[in-house]
Amino acid sequence: MSVETALSTPNRRTRTRKLRTSKLHTDKFQVTKMHNADLYQQSNNLQKRDALLCLEKHASKIKWKNSNNKIIDIGCGDGSVTNMLKKYLPDNYKLLGCDISESMVNFANNNHCNEQTSFTVLDIGGELPLRMENNFDHVFSFYALHWISDQKRVYRNIYNLLEEDGECFLIYLACSPVFDVYRILARKNKWATKLQDVEKYVSPYHDSTEPDKEIIKIMEEVGFDDIDVECKEMVFEYNDVDMLRKAVTAINPFNIPKEQYGDFLEDYMTVTSEMYRVDKANNNFNITFNYKLLIVYGHKPSNKSY
Ligand SMILES: C[S@@+](CC[C@H](N)C(=O)[O-])C[C@H]1O[C@@H](n2cnc3c(N)ncnc32)[C@H](O)[C@@H]1O
């Protein structure tokens, strides 16, 4: 089934599943807007830089088909990185960006949709719509998969999205100071209730000593071959306090009532400043983020025998 057909002919079963996904999303993020696509596109410099670095290094190894490459970008967010991906694609492709957030998908469709590219809602940690299975030659994902604790399910879903001989190229966070800030805030009486499910939003590899080995094991169990997983130490400098505020607000996973959000953001910035010993009153705000990025490649074997 083609990508176009997959998008345009939902059957009863897939329609029901789509509704369920939206409900889940609404339930989880109902109080504050977790996903502010406009703010995100103004503040995702780190994500864009890393996507470019990884694509520049690895894109030449991707084995494109001669024609009709069907590509999916999981956790596309506002669509700006999906848009950057196009530079590395051959001419003949159909590209589908997907995200659990309806508001992100709407923004991406409004800003980056054309005859070759479109965006749809999908929860990669949930049940896949049947029409999407075995339907893509290439699965990409940038800065999204650390949000899903059931990593086996994620890899099984990616495997099932792929056609035989398809490939995936994924980058996401192993560990990051952001997750330490979440945990510190969750221990404060003031935020303990609001952040009681904090571990859901901490990368499953944040405390791992060998995340690459854990992922290789999962991918092998799922059936991938030619697996290559790198866990790379990265550095990013935030020297604009407003940029950091925007980045935190654009993707806030917690249900903080709107009227308390200003207070929450101030506490977030205070914890961050204390962690980095930044004088909040000092105009020379400068924070060096050290984090670890997972760069993952896998291939779905072909069952053809020659
Ligand atoms: C940090 S943004 C990354 C966006 C974009 N890929 C980029 O690199 O700028 C992470 C995105 O993953 C999405 N996401 C989180 N959980 C997801 C899930 N279970 N299925 C699909 N997308 C998910 C979020 O809604 C968010 O838009």
Side-chain angles (χ1 to χ4, degrees), residues 17-18 20-29 32-55 71-86 88 95-109 111-112 117 119-129 132 139-158 160-161 168-173 176 178-179 182 197 200-204 234 236 243-244 246-254 289 291 293-296:
R17 282 184 187 168
K18 202 168 165 183
R20 238 183 268 141
T21 305
S22 304
K23 168 108 174 47
L24 179 148
H25 176 251
T26 319
D27 288 347
K28 207 158 147 189
F29 308 124
T32 42
K33 282 209 166 73
M34 174 200 183
H35 301 107
N36 184 325
D38 192 28
L39 263 193
Y40 185 71
Q41 71 155 2
Q42 296 171 41
S43 60
N44 65 344
N45 296 7
L46 178 153
Q47 290 89 339
K48 283 196 228 157
R49 183 205 65 173
D50 287 354
L52 269 184
L53 275 177
C54 294
L55 285 167
I71 301 154
I72 187 166
D73 176 21
I74 295 168
C76 61
D78 65 319
S80 52
V81 169
T82 318
N83 199 39
M84 283 168 33
L85 175 63
K86 291 179 189 167
Y88 301 89
L95 173 57
L96 178 67
C98 68
D99 201 285
I100 194 171
S101 159
E102 222 167 311
S103 59
M104 285 291 197
V105 167
N106 289 341
F107 185 93
N109 265 324
N111 289 280
H112 300 292
T117 310
F119 299 87
T120 193
V121 172
L122 177 77
D123 174 7
I124 195 61
E127 208 179 333
L128 284 184
M132 283 194 170
V139 172
F140 288 88
S141 183
F142 302 95
Y143 267 91
L145 301 180
H146 48 263
W147 290 92
I148 305 126
S149 40
D150 188 349
Q151 291 280 298
K152 184 109 187 231
R153 176 130 204 199
V154 167
Y155 279 98
R156 207 182 305 123
N157 277 345
I158 291 174
N160 289 337
L161 284 170
C168 66
F169 182 68
L170 323 164
I171 72 171
Y172 61 113
L173 285 169
S176 158
V178 169
F179 304 128
Y182 287 173
D197 56 354
K200 264 198 335 211
Y201 303 105
V202 171
S203 168
M234 307 288 288
F236 187 83
M243 178 69 81
L244 183 56
K246 280 184 187 171
V248 171
T249 304
I251 304 272
N252 164 42
F254 305 109
F289 262 41
Y291 58 102
L293 196 62
L294 294 159
I295 305 162
V296 178

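Start at 1 and go down the list; that is how both ligands and their atoms are numbered.
- Residue-level proximity to ligand 1 for Ile100 is carried by backbone and side chain together, each with a heavy atom below 4.0 angstrom.
- By the criterion of a heavy-atom distance under 4.0 Å, the side chain of Val81, and not its backbone, is placed next to ligand 1.
- Between Ser80 and ligand 1, a contact under 3.5 Å exists for no N or O pair.
- Of the N and O atoms on the side chains of Asp73 and Ser141, not one donor lies less than 3.5 Å from an acceptor on the other residue.
- A donor and an acceptor atom, one from each side chain of Gln47 and Asp50, are nowhere located under 3.5 Å apart.
- Shown here are the ring pair (Phe, Tyr, Trp, His ring centres under 6.0 Å) partners of Phe236, two or more places apart in sequence or in another chain: Tyr238.
- A distance of 6.0 Å or more separates the ring centres of Tyr182 and Tyr201.
- Of the listed options Phe107, Phe142, Tyr172, Tyr143, Tyr143 places a heavy atom closest to atom 1 (C) of ligand 1.
- Atoms of ligand 1 lying under 4.0 Å from any heavy atom of Leu122, numbered from 1 in the order shown and given with element: 20 (N), 21 (C).
- Residue Ile148 touches ligand 1 through its side chain alone, judged by heavy-atom distances below 4.0 Å.
- Residue contacts with ligand 1 for Thr82 are absent, since no atom lies close enough (heavy atoms, distance under 4.0 Å).
- Every residue two or more places apart in sequence or in another chain that forms a ring pair (Phe, Tyr, Trp, His ring centres under 6.0 Å) with Phe169 is listed here: His58.
- Checked against a 3.5 angstrom limit, the closest N/O atoms of Asp73 and ligand 1 fall outside it.
- Remark: ligand 1 and Asp99 share an N or O pair separated by less than 3.5 Å (distance only, no angle test).
- Side chain of Asp99 to backbone of Val121: no donor-acceptor contact under 3.5 angstrom is found.
- Distance alone, capped at 3.5 Å, is enough to place a donor-acceptor pair between the Asn111 side chain and the Phe107 backbone.
- The shortest N or O to N or O distance between Ile74 and ligand 1 is not below 3.5 Å.
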- Item | Worked verdict on Val139 versus Leu170 for side chain to side chain contact (heavy atoms under 4.5 Å, CB included) | CA-CA 8 Å; Val139 172; Leu170 323 164; 4.3 Å; yes

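- Heavy-atom separations between Cys76 and ligand 1 include at least one value shorter than 4.0 Å.
- Under a 4.0 Å criterion applied to the non-hydrogen atoms of Asn44, ligand 1 contributes the atoms 9 (O).
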